[in-house]
Amino acid sequence: MPLTTKGYDRPELDDLREDINALFVKYFGDGVDMDDAETTGLLAGTLSDISEQVEELAQGIYNAMFVLKSNGANLDDLAAEEDVYRKPATYAVVDLQIDGYVDQDSPTIIPEGTQFSTPDGQIFATAKDITLSKQATYVDSGGITQPLVDEDGNPLGRATVQANALESGTESNVMLNMIVNAEESVDGFKQVTNLQAATGGGDPETDDALRLRVLANRESKPNSTVSGIETAIKNVIGVQDVRLVNNQTMTTDSYGNPAKSLHLYVIGGDDATIAQTYFDHLPPVTNTIGSVMGAVTDIGGSEYIVRFDRAETVPIYITADLTVDETQFDTDNGPVQIKQAIMNYFDTLKMGGKVLYSKLFGPVYAPVGVNDATIKIGTTADALSSQDVTINAFQLAVVAANNITINVTD
């Protein structure tokens, strides 16, 4: 049995074959021919394969007892024992700004479920009806309030409505100003856009991510401490990252939070679920700060209001100019591989974490045939440089495939 003081030491196939060969010699004598071409050798080889499968099964059973070694359903079972559950795929949410023509006799109505999309086919549906019956205004570059009109001077109304992605996954977390197409004809509709990136879209939680959450819950269980509240919110389906600022002083802190207050910043997740989870773990008589208000109830059914904020996502733009060996570099799949590797790096970033310029060279040089590369990054497509991108403590750097440009020359 390969169970040692250092764990399960699974033998190699060659070692298993040697042990079985030794058994044949022990029971049938030194003259037995163990060559693979002989019946005894073929039988020994078959038994070796069976033994390897048994060892593989035994090792899997042994590893299933440990969070860091278990996988799949076994890991789910271990996590469930600690009241931690794998997060399913989630759908992105975004606020759409919609403009339409104003007609007092026949207002423009955008029905619930109206679909709008990005140029690459990510579709979002509005969550409620909106009616445009009054001309809107905007503030121009000179700070003067102007009436909103189209190119011909016709009055336009404007409204903001929440929309939900039709497909789950991280690909639906589109950048700002990407949702610009109407999927269906609506009388009076003029234009649409999203002034902030869509958030909350997620793929099913990986084994690695679930392991990290289980360990985080062990280190700091959900409770009324700062780290405990953060752990509880991170367990909410769809939540990507959390930061809680606790001002215990009697004065306003450096972030502008009033005395004796808690200010929660969240990326992803449902507002109502976040608010209730936040309230369930708050210390008594806590002053919460933020622009998002959530109605919650205590165990007795009494209603309260808690506040928190949505952390801002900062879109990052990347350009990589590659010099490649055309005989080795795959021009079809190489750029796709690079983009995916860059996005995988961004998945590791936390709120307030800077984008390290040097970290991008690994993904860029990963495909075979890349001889040289020049990389530039920035927060706008027309202002890129070869240096780290720093963001504030309550922002998260994000990137999409459309924001990554790969230029290839031989």
**Message:** With a 6.0 Å cut-off (strictly less than), is the heavy-atom count around CD of Glu219, excluding the residue itself, greater than 12?
**Reply:** no
**Request:** Would you kindly say whether Ser261 and Asn247 are connected by a side-chain donor-acceptor distance under 3.5 Å?
**Result:** no
**Asked** In terms of side-chain heavy atoms, does Asp49 have a donor or acceptor partner in Gln53 at a distance below 3.5 Å?
**Response** no
**Message:** Has Thr114 got a side-chain atom pairing as donor or acceptor with Ile110's backbone, closer than 3.5 angstrom?
**Reply:** no
**Item:** Donor-acceptor side-chain pairing of Thr206 and Asp208 below 3.5 angstrom
**Value:** no
**Complete:** Rounding to 0.5 Å, atoms CG (Leu176) and CG (Asp95) come to a distance of 13.0 Å
**Prompt:** Are side-chain N/O atoms of Tyr265 and Asp241 paired as donor and acceptor at under 3.5 Å?
**Reply:** no
**Message:** Nearest 0.5 Å, please: how far is NZ in Lys339 from CD1 in Ile318?
**Reply:** 10.5 Å
**Message:** Determine whether a donor-acceptor pair (N or O, by modelled atom type, separation under 3.5 Å) exists between the side chain of Arg86 and the backbone of Glu205.
**Reply:** yes
**Asked** With ring centroids as reference points, do Phe124 and Tyr91 lie under 6.0 angstrom apart?
**Response** no
**Request:** Over 60° means perpendicular and under 30° means parallel, so classify the ring planes of Phe279 and Tyr304, tilted if in between.
**Result:** parallel
**Request:** Find the distance between CD1 (Ile377) and OG (Ser386) and round it off to the nearest 0.5 Å.
**Result:** 8.0 Å
**Prompt:** Which heavy atom in Val324 sits nearest to a heavy atom in Val370, and how many Å separate them?
**Reply:** CG1-CA, 4.2 Å
**Asked** What's the verdict on salt bridge (charged side-chain N to carboxylate O under 4.0 Å, His left out) for Glu230 and Arg243, showing C-alpha distance, side-chain angles and the deciding distance?
**Response** CA-CA 7 Å; Glu230 289 182 341; Arg243 183 170 180 186; 5.9 Å; no
**Prompt:** Side chains of Thr199 and Asn173: donor-acceptor distance under 3.5 Å anywhere?
**Reply:** no
**Message:** Looking only at the side chains, is there a donor atom on one of Tyr101 and Asp99 sitting less than 3.5 Å from an acceptor on the other?
**Reply:** no
**Asked** Under 4.0 Å between a Lys/Arg side-chain N and an Asp/Glu carboxylate O for Asp207 and Lys69?
**Response** no
**Request:** Take atom CD of Glu171 as the centre, draw a 6.0 Å sphere, and report whether it contains more than 12 heavy atoms from other residues, nucleotides or ligands.
**Result:** no
**Prompt:** Between Asp140 and Gly142, is there a donor-acceptor pair closer than 3.5 Å when you use the side chain of the first and the backbone of the second?
**Reply:** yes
**Message:** Rounded to the nearest 0.5 Å, what separates atom CZ in Phe116 from atom OG1 in Thr193?
**Reply:** 11.5 Å
**Asked** Atom OG1 in Thr137, atom CD1 in Ile144: separation rounded to 0.5 Å?
**Response** 13.0 Å
**Prompt:** Between atom CD1 of Ile406 and atom CD of Gln337, what is the distance when rounded to the nearest 0.5 Å?
**Reply:** 11.0 Å
**Request:** Could you check Glu151 against Lys190 for salt bridge (charged side-chain N to carboxylate O under 4.0 Å, His left out), going step by step and ending with a plain yes or no?
**Result:** CA-CA 11 Å; Glu151 300 83 356; Lys190 170 61 177 175; 3.0 Å; yes
**Prompt:** Does Lys359 NZ have over 12 foreign heavy atoms under 6.0 Å away?
**Reply:** no
**Request:** Indicate whether any N or O donor in one side chain lies under 3.5 Å from an N or O acceptor in the other, for Asn333 and Asp330.
**Result:** yes
**Request:** Indicate whether any N or O donor in one side chain lies under 3.5 Å from an N or O acceptor in the other, for Asn177 and Asn194.
**Result:** no
**Item:** For Glu82, the option from Arg211, Arg213, Arg218 that meets salt bridge (charged side-chain N to carboxylate O under 4.0 Å, His left out)
**Value:** Arg218
**Gln97 and Thr160 side chains, donor-acceptor separation under 3.5 Å** = no
**Prompt:** Which atom pair, heavy atoms only, marks the closest approach of Thr313 to Ala197?
**Reply:** OG1-CB, 3.4 Å
**Ion pair check, Lys376 and Asp321, cut-off under 4.0 Å** = no
**Asked** Under 6.0 Å from the CD atom of Glu12, do we count more than 12 heavy atoms belonging to anything else shown?
**Response** no
**Complete:** Between Tyr278 and the options Val266, Val242, Ile229, the side-chain contact (heavy atoms from CB on, under 4.5 Å) test singles out Ile229
**Message:** For the CD atom on Glu167, are there more than 12 heavy atoms of other groups (residues, nucleotides or ligands in this structure) within a distance under 6.0 Å?
**Reply:** no
**Prompt:** Any sub-3.5 Å donor-acceptor pair from Thr170's side-chain atoms to Gly201's backbone N or O?
**Reply:** no
